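The structure presented is a predicted model; accordingly, all values stated were derived computationally and were not measured.
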Amino acid sequence: SNKILNQRERILIYEEIDTELKVLEKEIELALQDGDTKKYRFLLTYQKKLQREKLRIKKSDFSFFYDTCKTFQGFCSV
């Protein structure tokens, strides 16, 4: 159904954002070590935007569906 598809899409986007945030952590660390304040500021701004988007997706009430998929692996094929 459409609702399940939307939930699956949100889960995939959520996980992509999570991965991007992990990569950003390393890039922020490198920019700080290099003393590149312009890049550092840009990356921090980008990080905040991704964190807000991740929170917005999480609040969109897919957590029950996500937990169910994690509990019953293969049940949802996410």
Validation: residues 27-38 side-chain donor-acceptor distances under 3.5 Å, sequence neighbours left out:
residue : atom : partner : partner atom : Å
Asp36   : OD1  : Lys39   : N            : 3.1

Task: Contacts of Leu55 that satisfy side chain to side chain contact (heavy atoms under 4.5 Å, CB included) - sequence neighbours left out - done: Lys59
Task: Atom pair CD1/CZ of Ile13 and Arg56 - distance to nearest 0.5 Å - done: 8.5 Å
Open item on the list: Quick check for you: to the nearest 0.5 Å, what is the distance between Lys54 atom NZ and Asp18 atom CG?
Closed with: 3.5 Å
Open item on the list: Give me the atom names and distance for the closest heavy-atom approach of Ile57 to Arg10.
Closed with: CG2-O, 3.7 Å
TODO: Nearest 0.5 Å please: distance from the OG1 atom of Thr19 over to the CG atom of Leu24.
DONE: 11.0 Å
Mind listing the side-chain donor-acceptor pairs of residues 45-52 below 3.5 Å, one per line with the distance, residues two or more places apart or on another chain?
residue : atom : partner : partner atom : Å
Thr45   : OG1  : Arg41   : O            : 2.9
Gln47   : NE2  : Glu25   : OE2          : 2.6

TODO: Identify whether NZ of Lys or CZ of Arg in Lys58 sits under 6.0 Å from the centre of the six-membered ring of Tyr14 and within 45° of that ring's axis.
DONE: no
